[in-house]
Amino acid sequence: MTLTVLLIVILLAAAAFVLGRRRAARRAEALTGRARAHSRPVQHGAYAMIWVAAPALFVLIALSILSGPISHQLIQTGQPEAVERLEGFRKNAFVADAARVADGEPAQAIWEPEVAQHLAPEGARAARIQTTLMWAGVVGALLAGLVGGLVAFMRIRPDFRARNRVEGWIVGLLLVCSAIAILTTIGIIASLLIDATRFFSAVPLPEFLFGTQWSPQTAIRADQVGSTGAFGALPLFAGTFLIMLIAMAVAAPVGLFAAIYLSEYAGAASRAIIKPVLEILAGVPTVVYGFFAALTVGPAFREGFNTLGRWLVGGPLDGLGQYLMLVQNQMALVAGAVMGIMLIPFVSSLSDDILNAVPQSLRDGSYAMGATKSETVSRVLMPAALPGVAGALLLAMSRAIGETMIVTMAAGLAARLTLNPLDTVTTVTVQIVTLLTGDQEFNSTKTLAAFGLGLTLFVVTLALNVIAQRIVQTYRQQYD
Amino acid sequence: MTETRDALAATRLERLRGGLKRRYAREMRFRMYGILAIAVAVAFLALLLGRIVEQGHTAFYAHEVSVPVYLDPAKIDPSYPQGTNFEQMVAEQQLATQGLSGDAAGPMAAEMRGLFSSELKFQVAEQVAADPSLIGQTVTFDVPVSDDADLFFKGKISRDTPSEQRRLTDRQIGWLDQMEDAGRVHSHFNARLFTSGDSTEAELAGVLGAVVGSALMLMVTALLAIPVGVAAAVYLEEFAPRNRLSALIEVNINNLAAVPSIVYGLLGLALFINWMHLPRSSPLVGGLVLALMALPTIIIATRSSLKAVPPSIREAALAMGASRTQTVFQHVLPLALPGVMTGAIISLAHALGETAPLLLIGMVSFIPGVASSITEPSGALPSLIYIWENASERAFHERTAAAIMVLLAFMIVMNAAAILLRRHFERRW
């Protein structure tokens, strides 16, 4: 249906273009003496076309965004009392089933008779609401287009500055497109804040930030045992921090030395081979790293530690040996190490840029004093590039904190407050995924907790990014 | 006097020579660290790809077995052939050939059934329904073996493992050996992997549903993100006045590019599903989320290729009386287009491999079919990899690696296209 309307709008706009162009051409021909039309007929046509398409499309887009929430609201408000009493997610299921029954299909859920009797009439009412809304939108869109077109058509005169108007519209459209970036940010912040505030009204912020107990299973039935739900996120922060630390311990030295080698030692030929390899490493999807971590690195590490443990048992380090023999696949070390490898190309390409930005004169001065390359790098280049490198490492940290797939597949779910890299830990991102996948009821504290975690994650990574970008920028300006 | 000075100079030279040796050694070490770092990266990449090919190549072929089936008129109701328990029937017949029948075969029938894919009953039922006159005859069917039997033929289940740790019993292995010795087992290219959707049974599962879902999603992403991203970049680079708003938008875009992908998933869940009530698990929602994610990178890439067009082009056009808009759209943008397209393709390839946001908008649910529109529930390649990796059956592991190969193949094709585009059209001013 929307497609048909869209097609009609396009046809109307095309007609407006043709008519507008012809009218402008006629009126320009009618001019006498030295008078000339300001704009070409095509530009008049385009002007008329815009005035048909823009209002109509505006109505259509507004409708397609708003019709979902509006019809949902309307359907929810007028429901009979038996339905009102249902819980939130059952209510949504009822609306979906009502639509099915009204279409002549069987309901998917099982309903008590007092609710079931409302299925068919409610479905019909929902269908009516949706049809009305749709028709209102269609009529509104066409009307807006026609009125707009008429106004534009009346304006076509030889001295009318159609070109400037059309160009104004184009620039306006471009501005709107770039404003989408801001809208996305607002959308992210709003969606996180709305649900997070609801979560924080149930769980106080200090308890969330500093609580040491994380077990988000809440009771679905009141009589269920032992699941009141605890939302102390400190173990998650500790796990995230631990894995980030391990990742940086791998990525920072390896990435930095790779960058130093590339920018200071490697010739053009080896650069041409190494750079693409690093780019491929950067292009591998994180789910692939996760697969590798879970099925190759994890078992290999466990095997290694268990063997080491067997070897130590009975010796002076018996306790350590016993512990190592029980190490599991899912340890922080595995997720951290693989994530570190993932970050190598990220660190090296940023540091490479930064090292290349250090002026050649600094290097030349150092060589002239008789310094070797390594001395130049460690005593001249690194101090000069330090702020930039620090910025790059901060960006890598923010990546490590926000990375999801590797930890989801390789780190595990046990929320433990530990800094032992051989332990199973869980992270903020893992918990977001666990809370929101599978069967979920909206609006339970458990689901909302994911948004609380998401907000924390967003704020931390944003802060890291802003600081890092500041540092890198001031560093760049220093040598510009 | 001069002697002492000479002596001093000599010792100093001595010291420097010694120091020089140390310094050169340090230099060598430093260089080695660099080479080591590169070697670590290269070795890891080789290991990663090698392991995936090693684990996944076996998924590209599968084993079938020819089973002669006597379509027993006593057991098949011609008016309703689907109602027959064909699996049990075939298992009993197979056991009868071993001289086991009646009560002796009872407990073994389950083991025998476990050797064949459930595809067997569908094939037999379909044949019988299509041609009821077959009842009473013996027809030979080529059916896939079950996932465990397949793993056994591929050598991934070893007969040396103690039987309690093995998914096949000694008896089942014996039967499989007999079938193979009789020449009834043949391996063939696993076309099913590419022509069917997801399934709970590993031997019947394929990537088609996920490939189609990913393609639909990428289409939505491309249609939204490329025009909007290019338009935004054109505005920021060519039209935006140098004021606070433009600066704000700039900072914003840089920050958006670094927002963790899972946060986009939360946005998609809250905005598109909970608020706008768009269908869950649909390529439409996935495409919208990926479009928002790809937008900043497309804007950044477009801006840098617009920057690369020299100002002289703009000045020439303006001098000939073209307006700003005409200059940009008729001269600057066409010249920047190869760079724009390269950047767009690369960010789409990146979006193709993005997984975390898809998990939050419901693309982890088990969806067996192949979507035919962007509003139907569908899987996607990266989320299929995640689902299969989580599956407990070992046969899914090789298929996970195979799905990764398919995903990487698509990404390689896209990146290669981008590189070719750049090589072919890139212009140095």
Is it the side chain or the backbone of A:Leu455 that comes within 4.5 Å of chain B heavy atoms, both, or neither?
-> neither

Does any heavy atom of chain A fall under 4.5 Å from the side chain of B:Ala401, the backbone, both, or neither of them?
-> both

Can you tell which part of B:Leu256 gets under 4.5 Å to a heavy atom of chain A, answering side chain, backbone, both or neither?
-> side chain

Counting only heavy atoms closer than 4.5 Å, note whether B:Glu27 contacts chain A via side chain, backbone, both or neither.
-> both

Over all heavy atoms of both residues, which pair between A:Gln469 and B:Asn254 is shortest? Give the atoms and the distance, please.
-> NE2-O, 3.5 Å

Is it the side chain or the backbone of A:Leu295 that comes within 4.5 Å of chain B heavy atoms, both, or neither?
-> both

Of the listed B:Arg31, B:Arg26, B:Met411, the one with the largest count of heavy-atom pairs under 4.5 Å with chain A is B:Arg31

Answer with side chain, backbone, both or neither: which region of A:Ile341 has an atom nearer than 4.5 Å to a non-hydrogen atom of chain B?
-> side chain

Minimum heavy-atom separation for B:Ala258 to A:Ser398, with atom names?
-> O-OG, 4.3 Å

Knowing that exactly one of A:Ile274, A:Ile344, A:Val277 qualifies, which makes a side chain to side chain contact (heavy atoms under 4.5 Å, CB included) with B:Ile38?
-> A:Ile274

Greater than 12 external heavy atoms within 6.0 Å of A:Arg40's CZ = no

Report the distance from atom CG of B:Leu360 to atom CD1 of A:Ile432, rounding to the nearest 0.5 Å.
-> 7.5 Å

Under 3.5 Å, is there a donor-acceptor pair between the A:Thr372 and B:Arg23 side chains?
-> no

Is the shortest heavy-atom distance from the side chain of A:Thr296 to the side chain of B:Gln55 under 4.5 Å?
-> yes

A:Ser178 to B:Ala232 - nearest heavy-atom pair and separation = CA-CB, 3.4 Å

Taking every heavy-atom pair that is under 4.5 Å apart, which of B:Tyr33, B:Trp388, B:Phe30 has the most such pairs with chain A?
-> B:Phe30

Show your working on side-chain contact (heavy atoms from CB on, under 4.5 Å) between A:Val171 and B:Arg324 and close with a plain yes or no.
-> CA-CA 10 Å; A:Val171 175; B:Arg324 283 280 285 283; over 6 Å; no

Working to the nearest 0.5 Å, report the span between CG of B:Asn255 and OG1 of A:Thr184.
-> 12.5 Å

Any idea which of A:Gly402, A:Ala468, A:Cys177, A:Gly255 has the most non-hydrogen atom pairs under 4.5 angstrom with chain B?
-> A:Cys177

Which of B:Leu295, B:Val228, B:Ile249, B:Leu271 touches chain A most, by non-hydrogen pairs under 4.5 Å | B:Val228

Hey, mind stepping through B:Leu36 and A:Phe257 against side-chain contact (heavy atoms from CB on, under 4.5 Å) and telling me if it holds?
-> CA-CA 8 Å; B:Leu36 207 65; A:Phe257 270 107; over 6 Å; no

Contact origin within B:Phe272 toward chain A - heavy atom pairs under 4.5 Å | neither

Region of A:Glu167 in contact with chain B, defined by heavy-atom distances below 4.5 Å = both

Counting heavy atoms not belonging to B:Phe410, are there more than 12 under 6.0 Å from its CZ?
-> no

Looking at A:Thr185, A:Leu175, A:Ile170, which one has more heavy-atom pairs under 4.5 Å with chain B than the rest?
-> A:Leu175

Looking at B:Ala270 and A:Ser191, what are the two nearest heavy atoms and their distance?
-> CB-CB, 3.5 Å

Please name all residues satisfying salt bridge (Lys or Arg N to Asp or Glu O under 4.0 Å) with A:Glu403, sequence neighbours left out, ordered by chain then number.
-> none

With a 4.5 Å cut-off on heavy-atom pairs, point out which of B:Ile262, B:Leu245, B:Val263, B:Leu47 contacts chain A the most.
-> B:Ile262

By a 4.5 Å heavy-atom criterion (distance strictly below it), what part of A:Leu256 contacts chain B: side chain, backbone, both, or neither?
-> neither

side-chain contact (heavy atoms from CB on, under 4.5 Å) evaluation trace for B:Thr325 with A:Arg163 = CA-CA 10 Å; B:Thr325 325; A:Arg163 197 199 72 208; over 6 Å; no

Specify which of B:Gln326, B:Arg29, B:Met28, B:His397 makes the most heavy-atom pairs with chain A at under 4.5 Å.
-> B:His397

Does A:Pro285 reach the side chain of B:Leu408, with side-chain heavy atoms less than 4.5 Å apart?
-> yes

Heavy-atom proximity to chain B below 4.5 Å, by part of A:Val466 = both

Could you grab the distance from atom CE of B:Met32 to atom OG of A:Ser374, nearest 0.5 Å is fine?
-> 14.0 Å

Considering only heavy atoms, which portion of A:Thr408 lies under 4.5 Å from any heavy atom of chain B: side chain, backbone, both, or neither?
-> side chain

Please say which of A:Ile188, A:Leu453, A:Leu457, A:Leu436 ends up in a side chain to side chain contact (heavy atoms under 4.5 Å, CB included) with B:Leu266.
-> A:Leu436

Looking at B:Tyr264, B:Tyr235, B:Trp275, which has the largest count of heavy-atom pairs under 4.5 Å with chain A?
-> B:Tyr235

Just grab all the side-chain hydrogen bond (donor to acceptor under 3.5 Å, both in side chains) pairs involving residues 345-359 of chain B, residues at least two apart or on different chains.
-> B:Ser261-B:Glu354

Which heavy atom of A:Ala181 sits nearest a heavy atom of B:Ile253, and at what distance?
-> CB-CG1, 3.6 Å

Check whether A:Leu278 gets within reach of chain B through its side chain, its backbone, both or neither, counting any heavy atom under 4.5 Å.
-> side chain

Separation between CZ of A:Phe292 and CD1 of B:Ile52, rounded to the nearest 0.5 Å = 7.5 Å

Structural part of A:Ile65 lying under 4.5 Å from a heavy atom of chain B | both

B:Leu352 versus chain A, heavy atoms under 4.5 Å apart: side chain, backbone, both or neither?
-> neither

To the nearest 0.5 Å, tell me how far A:Phe291 CZ sits from B:Asn390 CG.
-> 11.5 Å

A:Ile280 side, atom CD1; B:Ile412 side, atom CD1 - distance, nearest 0.5 Å | 7.0 Å

